[in-house]
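Let me begin by presenting the structure, written as structure tokens, before commenting on it.
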Amino acid sequence: MSAYLFGSSYYPEWWPEEEWKKDFAKMADLGLNAVRMGEFAWSWYEPREGEFCFEPMQRAVEMAAREGIRTIMCTTTAVCPPWLYKKYPGVKGGNEHGLYGFGGRKGNCLSSEHFIEYALRVTEEQAKVFAHDKNVVGWQLDNEPGFPFVCYDPNCEKKFQKWLQKRYSTIDALNKAWFTMMWSNVYNEFDEIRLPVNAAEGGWSPGMKLDYRRFFSDNFNELLSAEAKIIRAQGTEQFIFTNWPGANWSVSCEDAMSYLDYSAWDNYVSVPVGDDYRVQLRSSMEHDLCRRLSNGKQRFLIAEQCAVPHAGTTPEAVRAQTWLDVAHGAFGNIFFEFRTPTGGPEQNYGSILRPDGSYNRAEHVIRKLAKDLDKTYDLIDGAKTVSDVAAVYSYQNSWATPGWVVDGPYDEDFFKAHGAFKNALHINMDVIFPSDDFSKYRMVVAPNLMILSDEERTKTEQYVRDGGVLVINTVCDTRAASNQIHEKPVPGLFDGRTGAKMAAVTYGRNKIRFTGGGEYPVHNALYELEAEPGVEIAATYTDGNLAGKPAVVIKRIGKGAVVLYASDAPDYRTYEAVARVANRLARVAPLLDVPDGVIVSERKKGDERYLIAVNAKQSAVKLTLPEEMYDVVNDRTVSGTVTIKGFDVLFVKRLH
């Protein structure tokens, strides 16, 4: 796969067939070589029960191929045709407001035997037709799995009861895990358990909430893995992925590695506006997580991305966002979408084509991207990202924290910690899981890692003793797998001896001042720490009763060290300061000395090393290269001081 998959989503079922040829020709004229089709086409494929018709899509695939455009085919199980709902209303789930009626998309009940039966049947019929089509390069399963995050209907309630019985075996074990003696919630039988929709005060206990998220994730992975099995049963060599709305959403993408070839995500992170570039650090995190989720292949796909920026920024912002995708390991970019629909809920979406058929204002950017990627991607196809620093992400810990289903406090804190370490140190970053091997990293940052298994705790402690630098906050290792609080010092690693213990916690706003300079805000949970004798205090609180008390401490343990910070950070700058403190111990060298606003990554291919420095700001920046390098985009040798224009890229190969 040496050609970068550069394309767009397209819905031939929306348009008269005579217009397809014109649209595919426009794609080719723009420089696109891929199209993603079919994820909402169930009624097109099966207009009435058992009447399958795939010939129109076959013609669309062939028509695209004649323009040099390869197809990514999607299964269609994110929607439900009206005839199926009419026959079996239970194929739709429900939320806290009640059962879903018909209309819109998603909301299918994955605990409904009828929905699963019909969904897998249409998938199998589709696979028979397209699994060996030479013009189809890969498959996307479903669409943005996990949304709408909940399913509270009778089918799910019954399946949840069975899931719990399998997990706990006995009702006594469940009662212990959920701490049900509080408020007399003790169960005698599994069928007494109800989803707490419209429940009284405190309906979701911490243990029940966490188990529901586990169940919900398992349910989605069960459907997706069944679809993957059906496609593979055809003996196809086409790759299989799904388009996570974000790899941190409500399904465990870690579990999904067992049936997917690659991971992919829909990059709807806002494009940078002016010089406010840090929003793009979230993209970096999702990229690094998706790279981990691709079974060692070190590549991922951007399955959807905005084709035109909003009016507050320039079209060139699309270029910066796309080069960041490439820099982190993307092998393709699929813009959403090619043509603006004339009706339906998305009729005002900003597409590549305006309603009159003319190109949008990012046309010149997309043309240049197509040209540059066609020229350069082969150089880094198959390249690896090698990192000395990793951030630990945990689905269990995300689901265990308040905030409910997506982008709650755990995730927002994780985004900032990962992005700040990458940004402050100008390095590659990996995202790993608590069960992964830490030993190859010089530094590991693990924000809010409340839940650790005994094996993970032992491994993490040994990592420090062997010379690693571990960055944690106060809640580390404070919860059991049931989400109950451990009865031991806080934080719990090393039997509570990580440099300081929690004395008290309050909630509010404060600032912390670092001994090396700099004062930054913190908020929400403010932990008062009692530092152990002899530890280094790297930062202290500045205000109120906490003034002068430790906020960041460093303790050396064995050959390594623990950096413990006390509070939630409201922005990246606070974490950037923590990163600089931690790196005094890890001593990870920057990939390139770049100015503020430039996000730099390195890709290695054999003995060749490529640096991709993306200016995520609208204003131009200057940087000084430490040696002569080859500019692969502009086909020239560069050295000394170079300028990167706003939202542009410096893509260079090291010559020595």
Side-chain angles (χ1 to χ4, degrees), residues 1-10 20-37 61 63-72 135 137-138 264 266-267 271 283 287 299-309 313-340 350-354 357-383 603 610 612 614-616 631-636 644-652:
M1 188 190 300
S2 59
Y4 194 79
L5 293 176
F6 195 57
S8 181
S9 300
Y10 184 68
W20 301 349
K21 184 176 181 180
K22 299 176 185 177
D23 290 338
F24 290 131
K26 286 183 177 179
M27 291 184 197
D29 173 68
L30 201 57
L32 306 186
N33 62 15
V35 64
R36 185 180 70 105
M37 299 193 289
V61 171
M63 205 175 292
R66 286 196 289 271
E67 297 289 346
I69 297 169
R70 293 177 290 177
T71 294
I72 294 172
N135 299 316
V137 65
D266 292 350
N267 187 357
V271 295
S283 295
H287 296 332
R299 55 168 64 193
F300 59 89
L301 181 70
I302 299 298
E304 295 183 24
Q305 185 167 301
C306 290
V308 57
T313 189
T314 68
E316 280 70 23
V318 173
R319 177 168 61 221
Q321 194 167 36
T322 304
W323 274 114
L324 278 172
D325 303 339
V326 177
H328 288 78
F331 67 84
N333 247 93
I334 307 299
F335 289 112
F336 188 86
E337 57 194 332
F338 189 71
R339 185 173 175 182
T340 300
S351 305
I352 291 178
L353 293 186
R354 299 186 181 100
S358 62
Y359 294 116
N360 72 38
R361 66 193 185 103
E363 174 191 357
H364 65 288
V365 172
I366 295 173
R367 287 187 185 278
K368 180 168 173 51
L369 279 168
K371 180 180 177 181
D372 289 345
L373 289 167
D374 183 62
K375 174 183 177 182
T376 63
Y377 181 68
D378 187 59
L379 297 173
I380 56 171
D381 181 36
R603 304 280 287 164
Y610 295 89
I612 304 178
V614 179
N615 181 7
D631 182 342
V632 300
V633 174
N634 297 300
D635 193 19
R636 63 185 181 184
I644 309 179
K645 293 185 295 185
F647 298 142
D648 208 349
V649 63
L650 176 68
F651 184 1
V652 292

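FYI, side chains are in, hydrogens and waters are out, and symmetry mates aren't considered; it's all heavy atoms of this structure.
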Rounded to the nearest 0.5 Å, how far apart are [atom1] of [X] and [atom2] of [Y]?
X	Y	atom1	atom2	answer
Met37	Ser8	CE	OG	11.0 Å
Ile366	Phe335	CD1	CZ	5.0 Å
Leu324	Asn267	CG	CG	9.0 Å
Ile302	Phe331	CD1	CZ	10.0 Å
Leu369	Leu30	CG	CG	10.0 Å
Tyr359	Ile352	OH	CD1	9.0 Å

Between Phe651 and the options Val326, Ile380, Asn634, the side chain to side chain contact (heavy atoms under 4.5 Å, CB included) test singles out Ile380
Which one of Asn615, Ile612, Ile644 satisfies the side chain to side chain contact (heavy atoms under 4.5 Å, CB included) criterion with Val649?
Ile612
Can you list everything that forms a side-chain contact (heavy atoms from CB on, under 4.5 Å) with Ala34? Sequence neighbours excluded, please.
Leu5, Ile334
Output all residues satisfying side-chain contact (heavy atoms from CB on, under 4.5 Å) with Thr340, sequence neighbours left out; order by chain, then residue number.
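In terms of side-chain contact (heavy atoms from CB on, under 4.5 Å), with neighbours along the sequence ignored, Thr340 is linked to Ser351, Pro355.
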Side-chain contact test, heavy atoms from C-beta onward, threshold under 4.5 Å: evaluate it for Asn333 versus Leu373 and give yes or no.
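No - every pair of side-chain heavy atoms lies 4.5 Å or more apart.
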How about Gln321 and Val614: do any of their side-chain heavy atoms sit closer than 4.5 Å?
no
Counting only N and O atoms by type, is there a donor-acceptor contact under 3.5 Å from the side chain of [X] to the main-chain atoms of [Y]?
X	Y	answer
Ser358	Arg354	no
Lys26	Gly357	yes
Arg70	Asn135	no

Without hydrogens or angle criteria, can the side chains of Ser9 and Glu304 be said to hold a donor-acceptor pair below 3.5 Å?
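Side-chain D/A pair, Ser9 to Glu304: absent.
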Partner set under salt bridge (charged side-chain N to carboxylate O under 4.0 Å, His left out) for [X], not counting sequence neighbours:
X	answer
Asp378	none
Asp266	none
Arg361	none
Asp374	none

Tell me the closest heavy-atom pair linking [X] and [Y], and the distance in Å.
X	Y	answer
Phe647	Arg319	O-NE, 3.2 Å
Pro315	His364	CB-CE1, 3.9 Å
Ala264	Ala303	CB-CB, 4.3 Å
His328	Phe300	O-CE2, 3.3 Å
Val271	Pro309	CG2-CB, 3.9 Å

Would Tyr4 and Asn33 count as a side-chain contact (heavy atoms from CB on, under 4.5 Å) here? Give the steps.
CA-CA 8 Å; Tyr4 194 79; Asn33 62 15; 5.6 Å; no
Take Val137 and Ile72, measure what side-chain contact (heavy atoms from CB on, under 4.5 Å) needs, and give me the verdict at the end.
CA-CA 6 Å; Val137 65; Ile72 294 172; 3.9 Å; yes
Quick check on Lys375: does its NZ atom have over 12 non-hydrogen neighbours (other residues, nucleotides or ligands) under 6.0 Å away?
yes
If you apply the rule side-chain contact (heavy atoms from CB on, under 4.5 Å), what do you find for Thr322 with Val365, and how did you get there?
CA-CA 10 Å; Thr322 304; Val365 172; over 6 Å; no
Go through Met63 and Ile69 one step at a time and tell me if the side-chain contact (heavy atoms from CB on, under 4.5 Å) criterion holds.
CA-CA 9 Å; Met63 205 175 292; Ile69 297 169; over 6 Å; no
